[in-house]
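See below for the structure under consideration.
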Amino acid sequence: MKIKMEFLRSRLARRVFTLFVISALVPITLLALLSYGQVKALLSDTQYAAIKQSNKNYGLALLERLLLLDSELKWEADGLAREWRPDQDREEAMRDLAAWQGFQSVRVYTPAQMEQDAPRPLTDLAQDEDARTYLGNDKAILISAPQPGLSGRVYLLRMIAREDKTPAYLLGEIAPSFLFGKRDTFSEMAQTCVLNENHLPLFCSHNVDALGPQQLERLSHSPSGHFEMTDAQGHAHLVSYWSVFLKPNFRVQDWTILSRAPASAALEPIADFRLIFASVIALTIAIVALLSVHQIRRSLVPLERMLDGVKRITRRDFSRPVEVDSGDELEVLAASMNKMASTLDKQFHTLSTLAEIDQLILSSLKADDIVRTVLTRTSDILRYDHISMTVLEAGDRAVCYTLASDSHLREIIATRTLAVEPSESATLARKQYQTAVLGPERPSGYLQTLQDRGARQTLTLPVLVKERVYALICLGYAESIAIDREDIELARDLANRVAVALANASWEDQLYKLAHYDSLTELPNRLLLKDRLHQALASAERRKSFIAVLFIDLDRFKNVNDSLGHATGDYLLREVGERLRRTLREEDTIARLGGDEFVVVVQASEHAHESLSLTTAIAQKLLLALASPLYLNDREIITTASIGIACYPTDGETASELLKNADAAMYHAKASGKDNYQFYSKILNAEALERLELENCLRHALDRNELELAYQPKYETQSERICGAEALLRWTHPQRGRISPAEFVPICEEIGLIIPIGEWIVREVCGQLNAWRDAGLAAVPVAINLSAVQFRQPDLIDRVLKIVAETGVDPELLEFEITEGAAMENIALTTATLSHFQAQGFHLSIDDFGTGHSSLSYLKQFPINTLKVDQSFVRHLCESPKDAAIVKSIVTLAHSLDFTVVAEGVETRAQLDHLSGLGCDVIQGYLFSRPVPPQELAELLDETSLARAAV
Ligand SMILES: Nc1nc2c(ncn2[C@@H]2O[C@H](COP(=O)(O)O[C@H]3[C@@H](O)[C@H](n4cnc5c(=O)[nH]c(N)nc54)O[C@@H]3COP(=O)(O)O)[C@@H](O)[C@H]2O)c(=O)[nH]1
């Protein structure tokens, strides 16, 4: 079996493997060691027993020989005692004895000889009384004298008990070879020593190391025993000893027979045993390792693979399944894991595809792009054969888009417009999805293309936004199948996302429209106009062609708006937009800049003269179209327009340049009497710039204290005394000096600045009246001009009253002048406003009378005090009978209506006389005084006061 070591990469595998090996190795090693110990002990004991037995045998033989020798010696001693003759025969007998095996020599000693001649151990005995007594009891004494390196000398001593009572001693020296045996009879394996009572060696069969003190100690403690010792060469030996009991026979302590055998020889049988054990251990480990490897491979390798698999899943790598073929639960587990991974893979894929679709459809601002994304990407997450998407538009109209059956082509192959019944749409709106099996009969229109392409079954998902069906996603299947629940939920999910996207697109569409289109006329606004103009300029630059920019401003639109109301104004503007649309071609851009300003961009030709005639024709057509009357609530409204034209590239090369110059040309058209068109010229541009600059300066004039009031006195015609004054606005431009109110007041009116300035004038006049009063001057009413714009203010009276209240001025000292034109704009409004003013005690007059189109029937309704004859009639009064007639009529009319008549612009005495003759009540003009600063008027008033005092 081939073992792959890869499994040991795992820590767990290594741990289990080590555990297996240890759990096998430890007991078997212990067993081996124990058995080895046991066998070794057994063998040692056997060896010890053998040595001991050998020692015992040897010792007993030794004892036997000693007893034999002793009996020999006794026999001799007894013989000598009986036959004691100190002659040579004795010597002979001794030799015989010696010659007898056993003794090396036998000698007789007298006590004196004993002390002097006997070998060393015997000399000590000679003086030993106990020993002599002992010997006297017919006993022998064994004496030993060890000799280093040689066999020790051993003696047997007996007393020769002579009849004369004189003791003598028989000393036999035992032949070592008889006593101990010949060395060559000893086995090599058993080295034997005989130790005397002092444990000194008397005989050793071999050269044997001396015993150590511990070993000697053991010998003294027990008569037999064994131990192990190591020789000088380091070899181990088994040593056994046995004591030969000598004391009863020989009056000497025990001798010891000590033998030793090499331990190696004794333990030789277990050398094989060791080898066997080692082999068994090795084999056991090998088997355990093998089995554990097998088991680990079966258990842990699958686990590791599953772990790898889990790691891959974590990394979203589903490319490889986990391969486990262990045939057990792990294989089942791995299979479940693979199934789970494949489900996850599918879900991840679905989610990421959905996310991609989300991103695509949510980043699309157009419904078309969303449809394309749905049709081309849905096959990434759902199974079907055909797909179509039907987008419901306004009403019951719908557009059905169908993708090619071969979905990988990703091409929309059919787009057809169809009708979806409101009832059908309402039914679908209540459903999450709808399945249908298509038969031979015609299905609903939105399923038609799928049927045409061979679908037998369909799944329809309504795309709902606020319970309204925005679209239908239809999936077609070639076979009639049971559609997976999961697929339906996924499809529903997709439909919901599409709903959000479509709602978003619709919202984006609305936002785009809000940002780029004028909500009133639905024409492009300034932003889109600029965009279109940029595009047109880029194209014109490439084609080297002309572009005409027509700036259209309605004439007197403010009048319509103010007099007929904003609703009418709005209606008029919408109508103008429609008329412009109808008059121009589709490719021309028509935009509303705001208010009553429209701009038309026309792509002209490459030739200047053609472009000029085309633009002229368009301008004329536009004027004509706009001038035709408009009817609203039986009222005829006639509006005209002033058109300024700037052409690319002659009048400007950029959008803003062209717009600015067309605007300037439009002002020129206005100045040229309105209801006409003007081409831009550089001079015009300068005028427009100047006006712009004036506008800017005017905006700061109030803050910079550049405005002031001049007062022109009014005189009673008869008495020629001051009876009032008119406050007239003056502006000193920082660079240009004094600028006529005839020039700047209309600008103030146009840009709405007249409102704050008008309020400032009222406050200023009230302050001045108080100053004059405080100065003790005669109180005369001061007239204030109210422009038409001011007069239209709904809260005008409130503002005036507030100032009057704050300053404490008597309303009777204030007179408000409105022009005849302003008064006639909206009769009802004029009547109501004037009534309010009158009720508060203010004086009221109609200015510039005779220049407007007064309807006399209305005039009588106005609660006014004064009519001011316009100075244009006064100017030529003396020369022009017509003017004189008009003035006369005005005076008559005014008087008949109980109005005071003021003639303004009186410069000559003749004019004064004439007016006086006509009965004109009050005179205002340069004849008496120009408009003067308040101090000068104060002086004039002072004179009046004096005059009055004189009267
Ligand atoms: N809404 C407001 N309009 C104002 C105010 N101040 C002036 N105006 C209007 O500006 C127009 C020009 O005014 P102005 O240049 O001040 O001219 C006035 C007089 O100076 C001038 N006048 C007076 N007497 C004579 C004269 O003998 N000869 C002559 N050539 N001109 C004379 O007439 C103007 C006064 O006109 P009117 O207001 O119609 O009484 C003018 O339309 C002013 O209305 C203002 O504060 N608010």
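The first residue of the sequence shown is numbered 1, and numbering continues consecutively from there. Note that ligands are numbered from 1 as they come in the structure, with each ligand's atoms numbered from 1 the same way.
Between K868 and ligand 1 there is a heavy-atom distance shorter than 4.0 Å. In this structure, R730 counts as a contact residue of ligand 1, since one of its heavy atoms falls inside 4.0 Å of the ligand.
Annotation for ligand 1: atoms under 4.0 Å from non-hydrogen atoms of I761 are 46 (O). Below 4.0 Å from some heavy atom of E907 lie the following atoms of ligand 1, by number and element: 26 (C), 27 (O), 28 (N), 29 (C), 30 (N).
Nearest-heavy-atom check against atom 14 (P) of ligand 1 across A822, P741, P746 picks out P741. Nearest to atom 7 (C) of ligand 1 by heavy-atom distance, out of L927, L728, V765, I818, is L728.
Not one N or O of L709 is nearer than 3.5 Å to an N or O of ligand 1, by distance alone. Annotation: N785 places an N or O atom under 3.5 Å from an N or O atom of ligand 1; distance criterion only. Not a single N or O atom of E749, backbone or side chain, sits closer than 3.5 Å to an N or O atom of ligand 1. For a threshold of 3.5 Å applied to N or O pairs, the pair formed by D848 and ligand 1 contains at least one separation below that value.
With 3.5 Å as the limit, one finds no donor-acceptor pair spanning the side chains of T568 and R635. With hydrogens and angles left out, the side-chain atoms of D555 and S642 include a donor and acceptor closer than 3.5 Å. Residues N865 and Q838 have side chains that never bring a donor and an acceptor to within less than 3.5 angstrom of each other.
The presence of a protein heavy atom under 4.0 Å from atom 42 (O) of ligand 1 is ruled out. Distance remark: protein heavy atom present below 4.0 angstrom from atom 38 (O) of ligand 1.
When the ring-ring contact (aromatic ring centres under 6.0 Å, His included) test is applied to H516, the partners found at least two apart in sequence or on another chain are Y512. Applying the ring-ring contact (aromatic ring centres under 6.0 Å, His included) test to H733 and every residue at least two apart in sequence or in another chain returns W731.
A donor-acceptor pair under 3.5 Å is formed between the side chain of Q911 and the backbone N or O of T908.
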